[in-house]
Every structure is written in C-alpha cells, then in structure tokens.
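Have a look at the structure below before the remarks.
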Amino acid sequence: MKNIAVIGAGTMGNGIAHVFAQNNYKVNLIDIAQASLDKGLATITKNLDRMVAKEKISEADKNNTLANITLHTVLADGVNGVDLVVEAATENVDLKLKIFKDLDAICDAKTILATNTSSISITQIAAVTNRPKQVIGMHFMNPVPIMKLVEIIRGYNTSNEVTTTIMELSTKLGKTPTEVNDYPGFVANRILMPMINEAIETLYNGVAGVEEIDTVMKLGMAHPMGPLQLADFIGLDVCLSILNVMYDGFKNPKYAPCPLLVNMVMAKKLGVKSGEGFYDYSESRKAEKVASQFAK
C-alpha cells in the first residue's frame, strides 16, 4: 500500500496528508476548491518549516514530503489507482454518504475506503457502498502530525483483513492505533464531548467563569488544556455536530447540547477558526483573553 488519496484539505485533511507524505507514501490531496488546496499545502509547508527549525527533520526531508503530495480538484482523478482513500470532509452525514457513494462507483474494487469521522456511524456510511467489508474508520486526532492516537473503528461488516491492514498501516505512520466498535461518538468523543458540554452548562448556569472552569480542570485534573479552550480549538460547530449525533443515536438527554453552545454556533462564534468563542483570538491564537460576552 503506497498510494493514498485524502479528501478534504482542511485542518484534518492536510494533517493526514502531511503524515502520509512524510512517511514516503504518495498522496493525492483532493478538494473541490483550488484555494483550499493551496491553503492546505501552505499549512503543511509551514508545519514542515517548523520541524526543520527544531531540527526534527532535514530540509531534504521537507522537500521529499512536499514532492509526495499532488493536488486535485476532480475526485475521479484523485482516487484513480489508489490503495486507500481517507475521507476528511466536513462532519456532515449527508455529505459523507454522497462522497462514499461516489467513491464506491469510481474507485478500484481493491481500494479500501476510510473515513476520519469523529462520530458518524461507519456502518451507516458503509451501507451506501457495495463494499461494506472495505469501509473503516480512521479517526486521527488534531493536530495530526503531533498526536499519536488513531481510533480504528470497525463497521458492522468491516472485515478482519481490512482492520488488520489499517492497524498495521497506522503503526507504520508512527501512530498508536486503538480498535473500537461502531457506536455514536466511538470512545474519544463519547467521553470528551459530554465533559465539554458539562463545562458549557457550568458556565451557562453561572457556577464559574471561563478561566475558572478551565483552571480547575487544568490544575485539578492535570488536563493540558481546559474544556472550554479545547472546545474553541476543536470548533464549537464540530462539538455541536458530534453531540447531536450522539443525542440522535442514543436518544439519551445527557447528550443534549447546552443551549449556550447552540446559540454560539448560530451566532458563528465558533472558536479559533472564527476568531472568537469562549476566548477572543483576534490578537492571538492562544487562549489569553476571555471573549467580551463572558468577561467579568
């Protein structure tokens, strides 16, 4: 397995492409917009430059990594002849189902189809294809070049052979693959998102302020990042989407998103990506200033 296609040049997509390319896989990075591809490649270049400056890789390693990446705006061209497709498009179930239906029609019969979804059912995605045994979840963590974990999610019909292949591939990327079963939120987000949601509820109910909540979790629970800062980093729209998937999947009110989160997403206060969430990022991407809405 040497030829990989990655669909989506956003934060997760360009990170996944970066990791494969750095490990000498040939990567076709696919997005419908050339501007998104250019931005994604610029991000990869910037991250490689940072690694060169820290002497983690050489300039030759950087150039080789970039040479392994080819940009495509046409899906059929980008997936032609590849061994594996990793879909990293927006966390929207209808979009993902359409992509996988299209992939099934145009990809070689041997091609494995993986999704980086953080919560959507692998079984549901596989059901729109004629190759459910070859559909699997590869849930990378953000930032992909740094984080070691990859959740490997088996759909109801995913074969043992495909699961073993993807587990071994993840190890070759320097990652630690962990196999989980296909239930809403899998493991990472089933535990993480209720915590984030409860932190938002705690703020919403006036128990404590933004910095206070994050300080308690950082200093009291040894978390490297407070839950509200982490929510900003993930994207409040992504958090809401995952909570909705779990709420719909389990029909359990404990997964219902906090009204404050819903309102912030509707107001387009999405966190780092929009410049404001629980913190104000207009001057720095670090969570150094609480957003005016929550400032005391």
Side-chain angles (χ1 to χ4, degrees), residues 1 3-17 20 25-37 40 70-140 144 150-163 165-166 169-170 180-186 189 237-238 240-242 244-249:
M1 183 175 287
N3 298 307
I4 313 295
V6 178
I7 299 175
T11 300
M12 296 305 295
N14 71 60
I16 294 167
F20 273 107
Y25 291 87
K26 298 297 182 183
V27 181
N28 292 341
L29 182 57
I30 307 165
D31 201 290
I32 57 173
Q34 184 64 46
S36 296
L37 289 169
T70 305
L71 307 180
H72 293 270
T73 56
V74 178
L75 183 64
D77 294 341
V79 301
N80 182 36
V82 301
D83 304 300
L84 169 70
V85 178
V86 182
E87 171 272 320
T90 304
E91 191 73 353
N92 177 289
V93 64
D94 292 331
L95 175 62
K96 290 187 186 293
L97 294 181
K98 182 183 185 307
I99 289 172
F100 273 77
K101 191 172 183 178
D102 291 343
L103 288 173
D104 187 50
I106 60 180
C107 286
D108 294 344
K110 65 178 178 62
T111 303
I112 296 172
L113 306 181
T115 174
N116 182 58
T117 181
S118 51
S119 60
I120 298 168
S121 168
I122 308 304
T123 303
Q124 181 182 8
I125 291 172
V128 302
T129 76
N130 292 307
R131 62 180 85 194
K133 291 182 179 180
Q134 293 162 248
V135 178
I136 195 165
M138 290 185 79
H139 181 207
F140 290 84
V144 180
V150 184
E151 271 189 310
I152 306 299
I153 307 104
R154 296 182 63 138
Y156 190 82
N157 292 305
T158 307
S159 72
N160 291 333
E161 180 183 2
V162 165
T163 302
T165 297
I166 297 304
L169 173 65
S170 300
V180 305
N181 290 319
D182 186 20
Y183 291 95
F186 316 132
N189 282 316
D237 53 338
V238 176
L240 178 60
S241 175
I242 295 169
N244 280 331
V245 167
M246 293 196 296
Y247 183 52
D248 291 341

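Since this is a predicted model, take the numbers as computed values, not measurements. Computation of the quantities below employed the complete heavy-atom set of this structure, encompassing side-chain atoms and omitting hydrogens, waters and symmetry-equivalent molecules.
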Give the C-alpha distance, both sets of side-chain angles, the deciding distance and a yes or no for side-chain contact (heavy atoms from CB on, under 4.5 Å) between I125 and L97.
-> CA-CA 6 Å; I125 291 172; L97 294 181; 4.2 Å; yes
Shortest non-hydrogen contact from M12 toward F140 | CE-O, 3.3 Å
Sub-4.5 Å side-chain heavy-atom contact between V82 and Y25 = no
Write down the atom of G78, the atom of A5, and the distance for their closest heavy-atom approach.
-> O-CB, 3.7 Å
Look up atom OG1 in T73 and atom CD1 in I30, then write down how far apart they are to the nearest 0.5 Å.
-> 10.0 Å
Do the side chain of D31 and the main chain of S36 share a donor and acceptor less than 3.5 angstrom apart?
-> no
Lys/Arg-Asp/Glu bridge criterion (N-O < 4.0 Å) met for R154, D182 | no
Any side-chain heavy-atom pair of V85 and T111 under 4.5 Å | yes
From I112 CD1 over to R131 CZ, what is the distance, rounded to the nearest 0.5 angstrom?
-> 10.0 Å
Minimum heavy-atom separation for L103 to L75, with atom names?
-> CD2-CD1, 4.0 Å
The reported gap from CG in D104 to CG in L113 (rounded to nearest 0.5 angstrom) is 6.5 Å
Determine, for K98 against D94, whether the closest basic-nitrogen to carboxylate-oxygen distance falls under 4.0 angstrom.
-> no
For the side chain of T123 and the backbone of Y156, is there at least one donor-acceptor N/O pair under 3.5 Å apart?
-> yes
Verify, without hydrogens or angle tests, whether T158 (side chain) and V135 (backbone) share a donor-acceptor contact under 3.5 angstrom.
-> yes
Should we say atom CD1 of I106 is surrounded by more than 12 heavy atoms from elsewhere, each under 6.0 Å from it?
-> yes
Are any non-hydrogen side-chain atoms of H139 and I153 less than 4.5 angstrom apart?
-> yes
Closest approach of G13 and L29, non-hydrogen atoms and distance?
-> O-CD1, 4.1 Å
Are side-chain heavy atoms of I166 and L84 found at a separation under 4.5 Å?
-> yes
Might you point out which heavy atoms bring G81 and D108 nearest each other, and give the distance in Å?
-> CA-OD2, 3.5 Å
How far does OG1 of T163 sit from CD1 of I136, to the nearest 0.5 angstrom?
-> 4.0 Å
Minimal heavy-atom distance between I16 and A88, with the atoms involved, is CD1-CB, 4.1 Å
Close side-chain approach of V79 and N28, heavy atoms under 4.5 Å | no
Cut-off 3.5 Å, side chains only: do T117 and E91 have a donor facing an acceptor?
-> yes
Side-chain donor/acceptor of N189 to backbone N/O of S118, under 3.5 Å = yes
Taking it one step at a time, do F20 and L169 satisfy side-chain contact (heavy atoms from CB on, under 4.5 Å)?
-> CA-CA 10 Å; F20 273 107; L169 173 65; 3.9 Å; yes
Has E161 got more than 12 heavy atoms of other residues, nucleotides or ligands less than 6.0 Å from its CD?
-> no
Hey, what do you get for CZ (F186) to CD1 (I120), rounding to the nearest 0.5 Å?
-> 8.0 Å
With side-chain contact (heavy atoms from CB on, under 4.5 Å) as the test, would you mind laying out the steps for T129 and Q134 before giving the verdict?
-> CA-CA 9 Å; T129 76; Q134 293 162 248; over 6 Å; no
Show the numbers, then the answer: is there a side-chain contact (heavy atoms from CB on, under 4.5 Å) between I99 and I7?
-> CA-CA 9 Å; I99 289 172; I7 299 175; 3.9 Å; yes
When rounded to the nearest 0.5 Å, the distance separating CG of D248 from OG of S121 is 12.5 Å
